[in-house]
Structures are given as C-alpha cells and as structure tokens.
Amino acid sequence: MSDFLSELSWRGLLYQQTEGAAAHFAAGAVSAYCGFDPTASSLHVGNLVPIMGLVHLQRAGHRPIALVGGGTGMIGDPSGKASERQLLTVDEIDANVSGIREQLGRFLDFSGDSGARLVDNAEWLRALNAVDFMRDVGKHFSINVMMQKDSVKSRLESGISYTEFSYMLLQAYDFLALHRRYGVTAQVGGSDQWGNITAGTELIRRTVQRDAHGVTLPLVTTSGGTKFGKTESGAVWLDAARTSPYAFYQFWVNVDDADALKFLRMFTLLPQDEIEGLAAALSAAPHERAAQRRLATEVTGLVHGHAAATLAERVSKVIFDRRVDARELAADVFTTLAAEIPCAHFAADAPINVLDALERAFGLSRGASRKLLQQGAVSVNGEKLAADAHEIDPTGAVHDRWFLLRKGAREVAVLVREA
RNA sequence: GGUGGGGUACCCAAGUGGCCAACGGGAGCAGACUGUAAAUCUGCCGGCGUACGCCUUCGAAGGUUCGAAUCCUUCCCCCACCA
C-alpha cells in the first residue's frame with residue numbers, strides 16, 4: 001500500500017489537506033468520495049484532476065466513491081462562479097448525470113475489497129424535507145461562518161441567491177449521508193471545494209462526533225497563462241462524440257514543453273523514474289517531443305482505451321509526419337481516417353471540383369477557398385494544387401478511391417470516390 | 001435622484017457629414033522558417049461572389065440630408081464622481 005498523500009504530493013496534485021489527514025490515510029483503508037457536477041452531459045479534461053485523485057486513492061488501497069450530483073445539481077454550486085447560475089431542469093440534470101456516470105465508471109475498478117462505488121446524491125437529496133433539513137442540518141451552521149466562506153464572500157458584492165447560499169449545506173449533508181451509508185471519512189475535490197468540504201467535516205463532527213478529512217487538488221494552470229483544457233474549438237471533453245479521440249490525442253501532443261512534465265505527473269500513472277527519463281529526452285531532443293507523445297498516448301489510453309489511443313497515434317502520424325506518403329497508405333488506414341477526420345463523398349465517374357471538395361470537407365465558401373488556393377495552402381495526396389486548379393485528377397486516387405485533402409498544416413480531410 | 005463620460009467589426013481601439021467595410025493593435029487564417037513549438041518575416045482578415053460588384057454592419061428605433069458611424073429626436077445599456 002503506497003502512501004496516498006505523498007503520491008499526490010510528488011505528482012503536484014496536492015493542494016490543501018485537513019489537519020491529521022496524513023495519519024488518517026496511513027491508519028488503514030479509508031472510504032473517500034469526490035463529487036462531480038452534472039452541469040454538462042460530459043466531463044472535460046479539467047475534471048481529470050479530481051478523477052486522478054480517486055484513481056490514486058484506489059491504487060493506494062483505499063476505496064473511492066464517485067458521486068454525481070443529481071441532487072446538488074438542482075441547486076448549483078456557487079464555488080468559483082462570479083455570478084448566479086441558471087437553474088437546470090430536472091430532465092437536463094438527469095441526462096447529464098447519466099452521461100457523467102458512464103464516464104466516471106471507466107477510471108475506477110469496481111471489483112474486490114476496495115471496489116469503487118458510483119452514487120448519485122439525488123437518491124437522498126431530492127427526497128429531503130425542507131423542515132427536517134433546517135432542523136437537522138441547518139441548525140449546525142452559523143450564518144456568520146458561512147459568510148466567511150470564499151464561495152459566498154466573493155459574491156456578497158455582486159449578489160447571491162438564498163438557493164446558492166445554501167449549497168454548502170447540501171454538500172455537507174452529502175458527506176454526512178455517505179459517512180452513514182458507506183463509512184466515508186474523507187472527501188477529495190478541486191481547490192475551490194475547500195469551503196464545502198470543511199462544511200462537511202464540521203457537520204460530521206457535530207452530529208456524530210467523528211473526525212472526517214478533506215484533501216484538495218490544485219487548479220491546473222498552463223505556462224502560457226491560457227485556461228487549461230480550452231482550445232480554439234472549445235472545451236476538450238471526455239466524450240468521444242464531443243471531442244474525438246484523435247482531437248483529444250492532439251490536445252495533449254500540442255502541450256507546451258514547459259507543461260509536458262507537469263502534465264505527465266498529473267495525468268498519467270507513469271512512475272517517477274520513467275517521467276524523469278522523458279524529461280531527459282525532452283531536454284536532449286526537444287524536437288522529438290517524446291514527452292508530449294507519451295503524454296498523449298497515456299491520457300488518451302486512460303480515457304478512451306488503448307485501442308483508441310493507438311488509432312489516434314496512427315492517424316496523427318499520417319496527418320503530420322511528412323515522411324508518410326498518402327499514396328502508400330493501406331485502404332484500411334483510409335477507412336480509419338475517414339471516421340476520424342472530415343470526409344466527403346463524390347461520384348466515381350465524374351471529376352472532383354476543387355472548390356466543391358473544399359466546401360464539403362471544410363465548410364469553406366468559394367471565395368475563401370480561392371483565397372487559400374492562391375496562397376498555396378491546399379494539397380491533394382501530398383501534391384500542392386496550383387492557384388488556378390479546377391479539378392482533381394481522378395486517376396490520382398489512391399487504390400482508385402481515396403484522396404487526402406490538406407488545407408494548411410493541420411487540417412486534413414478524406415475524399416472518397418464512391419464505387 | 002444629480003452631474004460628467006461612454007456604447008464602433010471576435011477583443012482592444014481610432015474615426016465626429018462624402019476619400020468608411022471603417023486607421024492601428026491583438027486574436028484568427030495562410031505562406032516562409034520550424035519541433036504539429038516559440039520567435040520572426042510576408043499576405044489575408046464583415047458576408048457572398050473568379051474581375052467589375054452585390055448584401056449586412058458602427059447600442060435600438062425613427063428623422064434631417066443628394067449622401068450619416070458621424071447631425072437631430074426618443075428609447076435601452078454601461079462607467080465615474082456626487083447623495
């Protein structure tokens with residue numbers, strides 16, 4: 001049994017902990033939980049931090065409980081939010097909960113003694129009676145203390161509804177409910193959760209006179225000062241339907257040198273010496289970007305499975321490795337590519353119009369396409385098209401069927417001539 | 001409630017009757033260079049169109065004018081100081 005907190009610590013995943021937390025985890029197997037808000041139907045890469053917290057917890061011999069907030073989602077956590085949130089409908093919440101449940105399930109092992117559990121706080125929160133709640137839970141909290149919590153204090157100027165103000169009581173009650181049901185004695189969460197977590201430890205102390213602990217994980221920052229997990233095309237989701245495994249893999253491959261090692265520690269399970277080896281490789285041959293490639297393979301594997309990671313790797317190689325000649329690719333590679341990147345179908349017996357191809361593959365207008373052609377930005381099967389190119393020569397199709405259409409350095413699509 | 005200053009394209013920001021699709025910067029896209037990087041240089045950069053052009057923009061709605069982002073009226077919204 002490795003030490004949970006020291007593992008988090010060297011990986012840069014430890015931010016705050018309650019007093020005595022180290023002794024608590026050292027004393028034996030602990031059941032600990034982490035909650036996830038059902039604000040969207042999918043988790044995103046930012047959620048990987050607390051997920052890794054649960055993963056390390058389990059690897060250290062403790063029992064992780066992943067909680068989806070089907071109940072707390074009805075209220076909305078004000079933590080880290082500058083303004084009041086729009087309430088979601090019950091249907092939206094339920095749909096989001098089921099998406100998130102499915103994703104969380106992939107990271108944990110549900111078998112054996114330290115088998116993980118997946119629970120939804122809707123189970124106890126939605127049935128909660130207001131009067132009972134105020135007597136049993138509310139009585140243990142002082143408004144004076146609640147106003148001191150960051151999540152509330154930072155909103156006193158701009159305004160906060162009674163609903164969101166009360167949120168911390170619900171999360172505190174969750175902790176107590178899990179303590180009663182599953183013997184949970186610790187909670188893991190993002191750094192913005194400290195106030196909610198300590199509200200829970202206090203409620204447990206007051207109602208059942210037991211010590212409970214909390215651990216928070218840091219907010220991920222990038223060296224460039226940009227928001228982690230965002231690309232030009234939006235958030236990087238864990239749902240393959242929202243962010244394809246290929247796009248997901250690319251997100252990690254494109255990580256800055258300055259962040260690669262930090263992210264290897266945070267988001268992969270590679271041991272320290274292996275990461276040090278990658279650090280050495282990165283500084284010796286930065287252009288190889290061995291660290292980023294490994295990071296991308298590992299995280300994609302963790303989230304989408306090994307097969308998807310390998311596929312993403314292969315697709316990336318075709319798209320970015322200049323030594324790969326489109327004309328030598330096997331038909332099944334094209335089939336794979338067609339599923340991962342934009343793909344447009346054309347009749348087999350007619351020549352393909354260049355502007356049509358660009359429009360259907362990338363959604364470009366004819367004017368925009370012409371401009372790109374003039375700039376020499378378009379190539380087919382590795383051959384740059386002339387500024388006045390009109391049609392794609394059908395005899396150049398690979399296996400008599402496929403074309404690799406490239407726009408600029410990174411955008412690639414497949415054109416298919418129907419048989 | 002009073003006084004003053006504002007609302008311009010993705011963001012910042014010039015423009016105060018025609019030369020304005022609107023200076024400049026950033027972002028974005030593309031080319032060269034490269035490590036699918038950074039920095040740098042170059043081109044594009046409201047939409048649509050192969051040129052000529054057409055359409056839609058300067059908080060909103062009306063009006064004046066041959067002509068308005070620019071003038072007038074009303075309305076909406078921000079900010080600063082005062083209470």
Side-chain angles (χ1 to χ4, degrees), chain A residues 82-83 157-159 221-228 230-236 243-264 278-300 309-326 329 337 340-342 351-380 382-392 404-414:
Chain A
S83 58
E157 285 292 317
S158 58
T221 56
T222 64
S223 60
T226 51
K227 195 161 160 43
F228 171 73
K230 287 274 196 278
T231 64
E232 302 79 55
S233 42
V236 180
T243 301
S244 75
Y246 161 72
F248 187 84
Y249 177 91
Q250 282 295 317
F251 167 75
W252 295 101
V253 166
N254 283 310
V255 157
D256 257 33
D257 288 10
D259 295 322
L261 298 168
K262 178 167 87 175
F263 290 174
L264 276 165
L278 288 165
L282 183 62
S283 65
H287 59 281
E288 300 278 340
R289 291 179 310 125
Q292 281 94 330
R293 286 177 206 284
R294 189 63 193 278
L295 175 69
T297 304
E298 290 293 324
V299 185
T300 308
T310 309
L311 211 60
E313 219 176 319
R314 271 171 76 197
V315 170
S316 296
K317 192 169 167 60
V318 171
I319 293 173
F320 293 105
D321 191 332
R322 294 192 195 103
R323 288 164 295 188
V324 173
D325 185 344
L329 293 177
L337 281 166
E340 284 291 314
I341 61 182
I352 298 175
N353 178 284
V354 175
L355 297 179
D356 285 348
L358 285 166
E359 183 183 350
R360 305 220 344 238
F362 302 117
L364 294 166
S365 73
R366 303 179 84 72
S369 292
R370 279 211 169 79
K371 228 165 246 172
L372 287 166
L373 281 168
Q374 272 155 25
Q375 292 178 121
V378 183
S379 76
V380 169
E383 303 259 359
K384 190 177 278 191
L385 292 183
D388 57 355
H390 227 58
E391 286 172 350
I392 295 168
L404 205 61
L405 177 71
R406 197 180 285 263
K407 182 222 129 189
R410 317 175 147 226
E411 287 197 73
V412 188
V414 171

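Below, chains carry the letters A, B, ... as their sequence lines are ordered, and counting in each starts from 1.
Rounded to the nearest Å, the gap between the P atom of B/C79 and that of B/U74 is 24 Å. The C1' atoms of B/C23 and B/C78 are separated by 26 Å, rounded to the nearest whole Å.
Classification of A/Asp356 and A/Arg366 as a salt-bridged pair holds, one side-chain N sitting under 4.0 Å from a carboxylate O.
In the set B/A32, B/C29, B/C48, the nucleotide with an atom closest to the side chain of A/Lys384 is B/A32. Of all nucleotides listed (B/U36, B/G35, B/C29), B/U36 comes nearest to the side chain of A/Arg293. Closest to the A/Arg366 side chain, of the nucleotides B/U36, B/U50, B/C29, is B/U50. Among B/C44, B/U36, B/G35, the nucleotide with an atom closest to any side-chain atom of A/Gln292 is B/G35. Distance from the side chain of A/Val253 is smallest to B/U36 among B/U36, B/C44, B/U50. For A/Ser365, counting side-chain heavy atoms from C-beta on, the closest listed nucleotide (B/A30, B/C48, B/G35) is B/C48. Residue A/Gln375 places its side chain closer to B/G43 than to any other of B/G35, B/A37, B/G43. Closest to the side chain of A/His287, out of B/A30, B/G35, B/U36, is B/G35.
At the phosphate of B/A30, neither OP1 nor OP2 sits under 4.0 Å from any side-chain N or O atom of A/Lys371.
Nucleic acid contact for A/Gln250: base, since at least one base atom lies under 4.0 Å from a heavy atom of the residue.
Rounded to an integer number of Å, the gap from A/Leu355 CG to B/C48 P is 13 Å.
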